[in-house]
Amino acid sequence: MAGLILRRFEPADASQALEAEAEFATGPDVFLPGFDEASDFSSWLGKVDHVRAGCHERVGWLRAEYLAAWVGDELVGRISVRFEGDPGLLEQVGHIGYVVRVHHRGRGYATEMLRHATVVAREGGLGVLVVGCAEDNAASATVIERCGGVLSSRFLHQGRPFRRYQIPAQS
Ligand SMILES: CC(C)(COP(=O)(O)OP(=O)(O)OC[C@H]1O[C@@H](n2cnc3c(N)ncnc32)[C@H](O)[C@@H]1OP(=O)(O)O)[C@@H](O)C(=O)NCCC(=O)NCCS
């Protein structure tokens, strides 16, 4: 897809990143994982640096990369690649977390983001990505399958049926 760029978050992204975070405030998804409303964007960037370096602030946090998806000057989504951490947690939540802002959905952005993330995963040392997806999340299942995801199992996460897919990392 022309025009979609994935890159690390920067201080200058504060306004759009906080706007996006606020859009997700009332739903089950988050735009800035681990963001503390009582804090500010630069603190969140500091947290991300820690997690990126594998310095967990609490048990279960994983070494991870957080990337912002931009189309032109608009922040359209966020994707996380979790490289390692608590094996039980990784087994449940998988290596990938991603969201696209509501008014940017249905344009192939998540598909492009996940494709790119399979390359980031390879660079970070993963051979195969495990990606979890709620059974009723048809949009995410479509994206995962389009990126080469093969259904490997079904499981319950917090009482909710989930699918587990495997996607080969790409170079
Ligand atoms: C899942 C999500 C990331 C998809 O983002 P997106 O940018 O809209 O995804 P894409 O445009 O790349 O592809 C979505 C595909 O699913 C399809 N789709 C959307 N809703 C669907 C539905 N209810 N049933 C079947 N297919 C559906 C779309 O039509 C599209 O396929 P198409 O290109 O053939 O039309 C986005 O909906 C989102 O952020 N959801 C909330 C967070 C979330 O669920 N994250 C994933 C956790 S596993």
Side-chain angles (χ1 to χ4, degrees), residues 1 3-9 17 20 24 27-35 44 47-71 75-101 104-158 160-171:
M1 166 175 313
L4 187 137
I5 288 170
L6 278 187
R7 63 155 172 79
R8 289 180 176 175
F9 286 90
F24 287 90
D29 304 304
V30 291
F31 195 82
L32 302 176
F35 178 73
W44 182 79
K47 241 186 211 185
V48 164
D49 280 345
H50 269 76
V51 178
R52 188 178 285 133
C55 307
H56 313 154
E57 286 179 6
R58 58 178 197 225
V59 176
W61 275 53
L62 311 160
R63 181 169 71 85
E65 181 64 276
Y66 298 89
L67 298 170
W70 290 85
V71 175
L75 177 61
V76 301
R78 180 269 306 163
I79 190 158
S80 315
V81 184
R82 301 179 273 254
F83 296 103
E84 62 187 50
D86 177 88
L89 186 62
L90 201 53
E91 185 68 8
Q92 289 283 303
V93 302
H95 292 110
I96 297 289
Y98 60 160
V99 291
V100 169
R101 295 173 77 176
H104 289 291
R105 290 183 188 170
R107 299 179 197 172
Y109 294 158
T111 305
E112 185 60 21
M113 287 157 57
L114 183 55
R115 280 212 183 101
H116 187 99
T118 65
V119 177
V120 174
R122 167 75 81 193
E123 289 165 359
L126 294 176
V128 175
L129 288 87
V130 174
V131 186
C133 159
E135 194 67 58
D136 59 1
N137 194 341
S140 189
T142 300
V143 170
I144 294 166
E145 287 168 14
R146 215 181 257 160
C147 291
V150 175
L151 183 63
S152 58
S153 60
R154 289 186 155 87
F155 64 103
L156 286 178
H157 179 55
Q158 297 171 346
R160 194 173 166 203
F162 267 71
R163 295 177 183 191
R164 185 178 288 120
Y165 287 90
Q166 293 197 343
I167 308 179
Q170 303 290 328
S171 46

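Below, each value reflects all heavy atoms present in this structure, side chains not excepted, and no hydrogens, waters or symmetry copies.
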Might you point out which heavy atoms bring [X] and [Y] nearest each other, and give the distance in Å?
{"X": "Phe83", "Y": "Leu90", "value": "O-CD2, 4.4 Å"}
{"X": "Arg78", "Y": "Gly97", "value": "NH1-O, 3.3 Å"}
{"X": "Pro168", "Y": "Leu129", "value": "C-CD1, 4.3 Å"}

With heavy-atom distances below 4.5 Å as the criterion, would you say the side chains of [X] and [Y] are in contact?
{"X": "Val76", "Y": "Arg101", "result": "no"}
{"X": "Ile167", "Y": "Val128", "result": "no"}
{"X": "Tyr109", "Y": "Leu4", "result": "yes"}
{"X": "Pro161", "Y": "Leu156", "result": "yes"}
{"X": "Ile144", "Y": "Tyr98", "result": "yes"}

(message) I'd like to know if Arg8 and Glu65 make a salt bridge, using a cut-off of under 4.0 Å between side-chain N and carboxylate O.
(response) yes

From [X] atom [atom1] to [Y] atom [atom2], the distance as rounded to the nearest 0.5 Å:
{"X": "Leu126", "Y": "Ile96", "atom1": "CG", "atom2": "CD1", "answer": "8.5 Å"}
{"X": "Tyr165", "Y": "Glu145", "atom1": "OH", "atom2": "CD", "answer": "3.5 Å"}
{"X": "His157", "Y": "Cys133", "atom1": "NE2", "atom2": "SG", "answer": "12.5 Å"}

(request) Give me the one residue out of Val51, Ile79, Leu32 that meets side chain to side chain contact (heavy atoms under 4.5 Å, CB included) with Tyr66. (result) Val51

(message) In terms of relative ring orientation, are Phe9 and Trp44 parallel, tilted or perpendicular, with 30° and 60° separating the classes?
(response) perpendicular

(message) Tell me every residue that passes ring-ring contact (aromatic ring centres under 6.0 Å, His included) with His104, counting only those two or more places apart in sequence or in another chain.
(response) none

(message) Using a 3.5 Å distance criterion without hydrogens, assess whether the side chain of Arg105 forms a donor-acceptor pair with backbone atoms of Ala139.
(response) no

(request) Take Val143 and Met113, measure what side chain to side chain contact (heavy atoms under 4.5 Å, CB included) needs, and give me the verdict at the end. (result) CA-CA 10 Å; Val143 170; Met113 287 157 57; over 6 Å; no

(message) Testing the 3.5 Å rule here: is there a donor-acceptor pair between the side chains of Ser152 and Arg164?
(response) no

For residues 116-123, tabulate all N or O donor-acceptor pairs below 3.5 Å that involve a side-chain atom, not counting sequence neighbours.
unit_1: Thr118; atom_1: OG1; unit_2: Arg115; atom_2: O; d: 2.6
unit_1: Arg122; atom_1: NH2; unit_2: Ala169; atom_2: O; d: 3.2

